[in-house]
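In what follows, a single structure is set out as C-alpha cells and then discussed.
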Amino acid sequence: MPELPEVETVRRGLTALVQGAKINSVAVPYPKAIVSDLTDFQTNLAGATIDKIDRRGKFLLFRLSNQKTLVSHLRMEGQYSVEPVGATPHKHTEVIFTLDDDRDLMYNDTRRFGRMQLVPTGKEYQEVSGLAKMGPEPTEADLDITYLTSILAKSHRKIKPFLLDQSNVAGLGNIYTDEVLWQTKVHPETLTDHLSAEEVANLRQNIIQEINRATVHHGTTVHSFSNVFGEVGQFQNELDVYGRAGEPCRRCGTTLVKIKVAQRGTTYCPKCQVQK
DNA sequence: GTCAGTGTTTAACG
DNA sequence: GCGTTAAACACTGA
C-alpha cells in the first residue's frame, strides 16, 4: 500500500482519530507481526497514552506517554482502522489496540508483510535497522543538492534501484520512482554517475514536488490503499507512467513500455527516456 | 494453474 | 566493500 505520501496520509488520519487516546489492552492474533518481545509489547502498551504520531520515511512512530515508541511499517498492505470496541476483527487483523474510550484501533494486513515493534523513545534510530540507515526526507530543506550530487557520483548502479534504496533518499517506492524518472526524462537503467548536473538538479526538484503533490492528493490507490477513514487516495488519476504500459506517453505519444529493473516492474517512455 | 504485486531483508556470487 | 540477482516473506486477484 504505501510509499511516503500514503504513509503520511495514514499518519494524519491517525492523528485526528487517536492522538491523546489511552490504550487499555492489546490483543495480537498474529504474533509474527511483532518483532520485539511480545509480552513486553503488550505489557508496556497497556495504560500508555498516544501522545503524538510521527513519520520518518515510510515508518510510523507512535510516541507514547511512557517513554516508548511504537515503530510500525506497513510494507505492502498494512492498514489501520478505528472501530467501535468489540467490532469483529477482519480475517487479516493482526493487532487490536483497545482504547479507553470504547474504540478499537485495528491493524490489518492482507499480505502479512507489515511489522511493528516497541522501543525506548530516542533509541529507535539505533534499534531499528531501517531507521538507522534512513536517508534524508524528500523535502526542500532536507534533500541537499550537494549531498545528492555526491552520492550519485560515487555510486555505480542503476538510477532506479538507487532511488528505491531508502538509505539514499527516504520515502520513494516503485510508483513515484517511475513517475519521477519520466518527469526528468531519465531512463531507469541509467547509471547514477552518468547523470549531468542539470539532470541531478531536475531529479531533485521532481522528487520533492511529486511527493508533495501526491501527499496533497492523499496518496495513490492502485491495489488496496485506503486511509484510516477507509477512503482511497486521489493521485492515481495523476500518474503519467505507472500502470500505463501500452498507453501513449502524455508528452510525445510514444507507446509506454514495461520492463523489469532490479526485480521491479518498471514503466517508461522509450523515446523520452533514452539511456546514455 | 500461473504470475505479478505500493516493500524490505538476506544469501550467494562476481 | 560494492554491486547484482534471486529468493523469501504471505496472500489476493487478474
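So you know, we letter chains A, B, ... as the sequences are listed, proteins then strands, and number each from 1. Hydrogens, waters and symmetry mates play no part in the numbers below; they use all other heavy atoms, side chains included.
Close to B:dG7, at under 4.0 Å from its OP1 or OP2, lies no side-chain N or O of A:Q166.
Every residue meeting the side-chain contact (heavy atoms from CB on, under 4.5 Å) condition with A:S155, not counting sequence neighbours, appears here in chain and number order: A:R157, A:F162, A:T192. A search for side-chain contact (heavy atoms from CB on, under 4.5 Å) contacts involving A:S196 returns A:E198, A:E199, not counting sequence neighbours. Considering only residues two or more places apart in sequence or on other chains, A:R56 meets the side-chain hydrogen bond (donor to acceptor under 3.5 Å, both in side chains) condition with A:E137. For A:R250, the side-chain hydrogen bond (donor to acceptor under 3.5 Å, both in side chains) test picks out A:D240, with sequence neighbours left out. By the ring pair (Phe, Tyr, Trp, His ring centres under 6.0 Å) test, A:H187 is found to be paired with A:Y268, residues two or more places apart in sequence or in another chain being considered.
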Using the 3.5 Å cut-off, write out each protein N or O paired with an N or O of nucleotides 2-4 of chain B and the distance between them.
none

Strictly under 3.5 Å: I want the nitrogen or oxygen pairs between protein and nucleotides 12-14 of chain B, one per line.
none

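Cluster partners of A:I96, by chain and number: A:M106. The rule joins Ile, Leu, Val, Met, Phe, Trp and Tyr whenever side-chain heavy atoms lie under 4.5 Å apart.
Between the CG atom of A:D165 and the P atom of C:dC2 there is a distance of 11 Å, given to the nearest Å. If you measure from atom CD1 of A:I259 to atom P of B:dG5, you get 12 Å, rounded to the nearest angstrom. In this structure, the CG atom of A:L191 is 14 Å from the C1' atom of C:dC2, given to the nearest Å. Atom CG of A:L60 and atom C1' of B:dT8 are 16 Å apart (whole Å). Atom CZ of A:R264 and atom C1' of C:dT4 are 16 Å apart (whole Å). The nearest whole Å value for the distance from the NZ atom in A:K58 to the C1' atom in B:dT9 is 14 Å.
Interface residues of residues 155-164 of chain A facing DNA chain C, ordered by number: A:S155, A:H156, A:R157, A:K158; criterion, heavy-atom separation under 4.0 Å. Taking every heavy atom of residues 169-178 of chain A and every atom of DNA chain B, pairs under 4.0 Å involve A:G173, A:N174, A:I175, by number.
By the 30° and 60° cut-offs, the orientation of the rings of A:F62 relative to A:F97 is parallel.
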| Dot-bracket pairing map - DNA chain C, Watson-Crick plus G-U, both contacts under 3.5 Å, | cross-strand | .||||||||.||||
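Looking only at atom types and distance, the side chain of A:S81 has a donor-acceptor partner in the side chain of A:E83 under 3.5 Å away. Between A:N202 and A:T184, the side chains place no donor N or O within less than 3.5 Å of an acceptor N or O (distance only, hydrogens not considered). Of the N and O atoms on the side chains of A:K160 and A:N174, at least one donor lies less than 3.5 Å from an acceptor on the other residue. Using modelled atom types and a 3.5 Å distance limit, the side chains of A:Q205 and A:Q209 yield a donor-acceptor pair. At a cut-off of 3.5 Å, with distance as the only test, a side-chain donor of A:D109 or A:Y107 sits close to an acceptor on the other residue. Between the side chains of A:T220 and A:Y176, at least one donor-acceptor pair of N or O atoms lies under 3.5 Å. The closest side-chain donor-acceptor pair between A:D51 and A:S65, if any, does not fall under 3.5 angstrom.
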| request: Tell me, with the steps shown, if A:N24 and A:T98 meet side chain to side chain donor-acceptor pair (under 3.5 Å). | output: CA-CA 6 Å; A:N24 274 350; A:T98 297; over 6 Å; no
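Smallest separation of non-hydrogen atoms from A:L74 and A:Q79: CD2-N, 4.3 Å.
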| field | Protein proximity profile, nucleotides 8-14 of chain C - base contact B, sugar-phosphate-only contact S, no contact -, cut-off 4.0 Å on heavy atoms | value | -BBBS--
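C:dA6 and B:dC3 are spaced 15 Å apart, taking the P atom of each and rounding to whole Å.
The cationic atom of A:R213 (NZ for Lys, CZ for Arg) does not lie both less than 6.0 Å from the six-membered ring centre of A:F235 and within 45° of the ring axis. Both tests pass for A:R251 against the ring of A:W182: distance under 6.0 Å to the centre and angle within 45° of the axis.
A side-chain donor-acceptor contact under 3.5 Å links A:N44 to the backbone of A:D40.
When each of A:T266 and A:K133 is assigned the nucleotide of DNA chain B with its nearest heavy atom, A:T266 is the one assigned upstream, toward the 5' end.
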